[in-house]
Amino acid sequence: MSNAMTNAASSQPKMKQHMGLKASRTIGNTMIYVLLTVISIIWLIPFVFIVLQSFRVESTHQVGYVIPQVWGLKNYTELFNSNFPRWYVNTFISALATCILQTIIVLCMSYTLSRFRFKMRKPLMKFMLILGLFPGMLSMIILYRVLKDLGLTQANAVPGLILVYVASSGMGYYVSKGFFDTIPKSLDEAARIDGANRAQVLYKIILPLSKPIVIYTLLTAFMGPWGDYVFARYISNNTAAGMNVAVGLYGWLSQDQIDKKYTMFCAGGVLVAVPVTVLFMCLQRYYVEGVTGGAVKG
Amino acid sequence: MSMTNQDIETGARTPQRKLPLVVHILLAQAAVLLCCLITWYLCENVVPKQYSDATYRTELVMMDNNYNAMGYLKGEGGKIAALQYNKVSDVITKKPFYQEIVDEMGLLHADELQAGRPLGEQDLTAGRLMDRVKWGYDEADTTGRTITIDVTYADPAEAEIIGNRLAEKLNGILTDKSKLPGPPINQPNRIEHTGLIQEPVRTGPNTLVWVIIAGLIAEGIFLTMAFQTGWKNKVTCILMGFANLSRGQVLRGLLFFLFEVVAVGYMIGWGVGWLQKLPTLGTVKTEHYALKAGGQEIVTYGDDSFKILLYGVLTIFFIGAIIYTYYQNVKQGRLAAKIEARGKKLKSGREDLRSLVDDQFHKTLLALPVTGIILFTVMPIIFMVLVAFTNYSGPLDGKENLFSWVGLDNFNQLLTWTSAGSGNKTFMATFGEILAWTLIWAFFATFTNYFLGMFVAMAINKKGIKLKKMWRTILVMTIAIPQFISLLYVSKMFDKNGIINSFLINMGWIKDPIEFFGDVSRPWLARVTVIVINIWIGIPYLMLITTGILMNIPADLYESARIDGANPWQQYTRITLPYMLFVTGPYLLTSFTGNMNNFNVIYLLTGGAPTKLGAYSAGGVSAGQTDLLITWLFNITQGGDHLYYQASVVGILVFVVVALITLLVYSRLPSNKNEEDFQ
């Protein structure tokens, strides 16, 4: 570790001068290249494997080798004869709706907490901090019952799920509040002097400047439901028609199904992962900005 | 609802009173008294009175001593002995006679339905009826002649009919030769109607309680009224919004008035009912009864404790909202009066609306998010905390499981809760073990990721390393892939017949597959594996986070350190690490608590396996060696007997632990800086 640290500081320690400046740096860099290559391989291996296994047609259970003996698309075509399309649509609808509604709510919340100074502001923030310490899973017991009475569970899980995802999303305001905090207040004040009201300041001045955080929020709000397991499991409550991909595919790996569905799980996994990965890679820049900013501002 | 006018301050002339305040207060007391009297009158004379059930006694008198029930039941041998009837009470509690009587009750029930009589208190399900009938027989009386049948029922006439029918049925059973062989009947038995042995008693809500409640509400209203000046503001104490409405502030006035209508309507229609049931959480059980013919099941739903608790709590919240809005209503009235007295113009509805996008814009923006949080986070949390003080368990869908308050019992029993099975630990012991592992897990999961992530970031950042973007992209890409896919797949790679084991065997390194997650005797193998896999999950995030911060460290710091002769390790420990810890302190804290509740990694990787032997089993749900508190809690709610009250206790304890850690650490963080610094 210390060797890498040596280099990370991008400097040449005086005590190593006898080795020769260039040689030392080359050795260090070579080691880092080796390390990074190994890391990259380790990180990519499961995903390469999962893709390879999804094309294996000679057997459907787990096997001890990676490269299929017979290649084919059977696993993918089989998916269409299962509940998978339904799950996929469920997931897509809930992710899309959540991503739009949640973004609106998060932006409302974070913008207000960043820009306005009102009596309840600090208590509200502290209150939400405390609420966040509660294991949210517990509330699912009651939410399930309430949603069930409203008819929004099991086969109708999607609207219920969206409601659950969106309703409390205001509590996740930290990252975007951090962003709004960095936009100078003088901009607002100048616009106010020019006669704009508060709403106009938001729409005409702040929002156009907030593209990165809007995209970050949209992206994370989309990815959340796309891979959510717990809430979807509660709300769908063992009804196949209301499941999302996570709950559905999880079931395929259960003891009694894994031997028949293992390769289909891989194929399904690929279909789930590919779109979100492509989306993510396109918007990577915004994600990085958001994550970095969020961590610094806590 | 608080529409404050910022521009109004003191100094305005308030309207003068014509009578001294004391007179107003005395008048208010008179009004309160009147309200109490009206309430008393209504309770006593107008509201339909409720009565307790009457008990009606029917007697079945055996006319022939040789042929009385005891003779039969204690008769020698034959079917009697086989059926093991020793007492008359056996006849009515053991099959098949019990079934016959139950069927009889079912027929009564069916008659009741056919007669179109309203169900409800009058409904007759067999099970509920069985509770309402008391059978009497003096076992000591060897000549025992009389069986008493006491039917407790709301309607005395109905009780008589039921008693008669049951007596006939019983008589039929006792004299049925095919079932109970014995000497012939010389003289038929007789059914006697004794009549009401307990008269119906007046019950229902106590008049006194209602008078006190009405008095308190009236006191609140009229006392407030006494302190208001001007008739408009006095009326507004009763007709909310009148002060605004009468002064032309139509929007505000109407909103207040509308709220009052809704509030009063809700409280009378539903609220009071929920509140009344809240102390017991319901007493009427749901009954199922399958009718003899056709087998059609009849279900009468009783009280739903879940709903009572939920709506009871909601109603209490709503009362809080009513008091707050009422206060605002009075306040707005005074404000309007002041503005009027100054001769200024009051805000119109249009101006009010406009202010919602201007100086009151924050209220518009917050309305939706805060409502969502209150309904979907605050309410459930309050509810679940309350569940810890009940004995709520049973299937999630159950509308039928009645539960009740148990006070602090659940907490008192923390140390003594033990599940069946010898050698099993108590709840608290198992909780302690899981908590210990949760903390160990959170510590390693947080700090291995943190330092290794930082290390990778520094390696990529190093001067002279090419393809920086590619290395980063490879790692970042793994963030995009949903965790349930990667974690489930990796968990299967570590399976007994998974790829890792196959590979190790093929290489000849091991002979038998290693059970990473299934080996009960090697819990630490599973635990270490989980932590290692978590590194795989976590490094990309940490690499991302630390990269940006590392770049922000001023380069001249390193420059001067180098000039002073600091070696790279010293540079790292003296400059990089302190800076990083300072900046990422809050992140580390949230990351630690987040890992304590890291459901996904544990649940998807191991599902808690391997099993923890001898652990406390919460209604059939045992704990695993890699279970965190959160996954344990999830399993308790999902499986076995669904012991929600225990899950709720676990949840509260988790909250306490997490809150303690946060409190202790947060205030000590150096980076606890003022948020205004950013702007």
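So you know, we letter chains A, B, ... as the sequences are listed, proteins then strands, and number each from 1. Keep in mind that the numbers below use all heavy atoms, side chains included, and drop hydrogens, waters and symmetry copies.
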On a heavy-atom basis, which atom in A:M223 and which in B:I479 lie closest, and how many Å separate them?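 Taking every non-hydrogen atom into account, CE-O, 3.9 Å.
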Atom of A:I141, atom of B:Y644 and distance for their closest heavy-atom approach: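 Closest approach of A:I141 to B:Y644: CD1-CD2, 3.6 Å.
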Who pairs with A:L271 by side-chain contact (heavy atoms from CB on, under 4.5 Å), at least two apart in sequence or on another chain?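 side-chain contact (heavy atoms from CB on, under 4.5 Å) check on A:L271 returns A:Y76, A:L79, A:F84, A:Y88.
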Tell me every residue that passes side-chain contact (heavy atoms from CB on, under 4.5 Å) with A:M171, counting only those two or more places apart in sequence or in another chain.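 Only A:M128, A:L131, B:I373, B:T377 meet the side-chain contact (heavy atoms from CB on, under 4.5 Å) criterion with A:M171.
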Is [X] close to chain B through its backbone or its side chain, or both, or neither, when contacts mean heavy atoms under 4.5 Å?
{"X": "A:L279", "answer": "neither"}
{"X": "A:L202", "answer": "side chain"}
{"X": "A:M137", "answer": "side chain"}
{"X": "A:Q53", "answer": "side chain"}
{"X": "A:V201", "answer": "neither"}

Please walk me through it: do B:Y603 and A:Y250 pass ring-ring contact (aromatic ring centres under 6.0 Å, His included)? CA-CA 11 Å; B:Y603 192 81; A:Y250 183 86; 5.8 Å; yes
What is the ring orientation for [X] with [Y], classed by angle as parallel under 30°, tilted 30 to 60°, or perpendicular over 60°?
{"X": "B:F361", "Y": "A:Y203", "value": "perpendicular"}
{"X": "A:F116", "Y": "B:H362", "value": "tilted"}
{"X": "A:Y229", "Y": "B:F634", "value": "tilted"}

Structural part of [X] lying under 4.5 Å from a heavy atom of chain A:
{"X": "B:L310", "answer": "side chain"}
{"X": "B:T473", "answer": "both"}
{"X": "B:V385", "answer": "side chain"}
{"X": "B:V654", "answer": "side chain"}
{"X": "B:N501", "answer": "neither"}
{"X": "B:I465", "answer": "both"}

Test log, rule side chain to side chain contact (heavy atoms under 4.5 Å, CB included), inputs B:I481 and A:V276: CA-CA 7 Å; B:I481 294 163; A:V276 71; over 6 Å; no
Can you confirm whether or not the ring centre of A:F47 sits under 6.0 Å from the ring centre of B:W536?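 A:F47 vs B:W536: aromatic centres under 6.0 Å.
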After noting the C-alpha distance and the side-chain angles of B:T637 and A:Y234, does the key distance pass the side chain to side chain donor-acceptor pair (under 3.5 Å) rule? CA-CA 10 Å; B:T637 64; A:Y234 265 111; 2.7 Å; yes
Note, B:L475 side chain near A:I39 side chain (heavy atom, < 4.5 Å):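 B:L475 reaches A:I39 side chain to side chain.
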Do you know which of B:V456, B:I539, B:T371 has the most heavy-atom pairs under 4.5 Å to chain A?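 Among the listed options, the one with the most contacts to chain A is B:I539.
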Heavy-atom pairs under 4.5 Å with chain A - which of B:L368, B:T662, B:N597, B:D495 has more of them than the others?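 Max contact count across the listed options: B:D495.
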For A:Y33 and B:K466, indicate whether the former's side chain and the latter's backbone hold a donor-acceptor pair under 3.5 Å.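 Checked: pair present.
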Under the side chain to side chain contact (heavy atoms under 4.5 Å, CB included) rule, what do B:M477 and A:F280 come out as? Steps first, then yes or no, please. CA-CA 8 Å; B:M477 199 172 78; A:F280 186 80; over 6 Å; no
Can you tell me if A:F134 has over 12 outside heavy atoms packed within less than 6.0 Å of its CZ?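 More than 12 heavy atoms, drawn from other residues, nucleotides or ligands, come within 6.0 Å of this atom.
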In sequence, state the C-alpha distance, the side-chain angles, and the governing distance for A:Y262 and B:K492, and then conclude on side chain to side chain contact (heavy atoms under 4.5 Å, CB included). CA-CA 10 Å; A:Y262 180 71; B:K492 291 301 157 196; 4.1 Å; yes
Walk me through whether A:R233 and B:Q638 qualify under side chain to side chain donor-acceptor pair (under 3.5 Å). CA-CA 10 Å; A:R233 155 98 179 255; B:Q638 283 283 295; 3.1 Å; yes
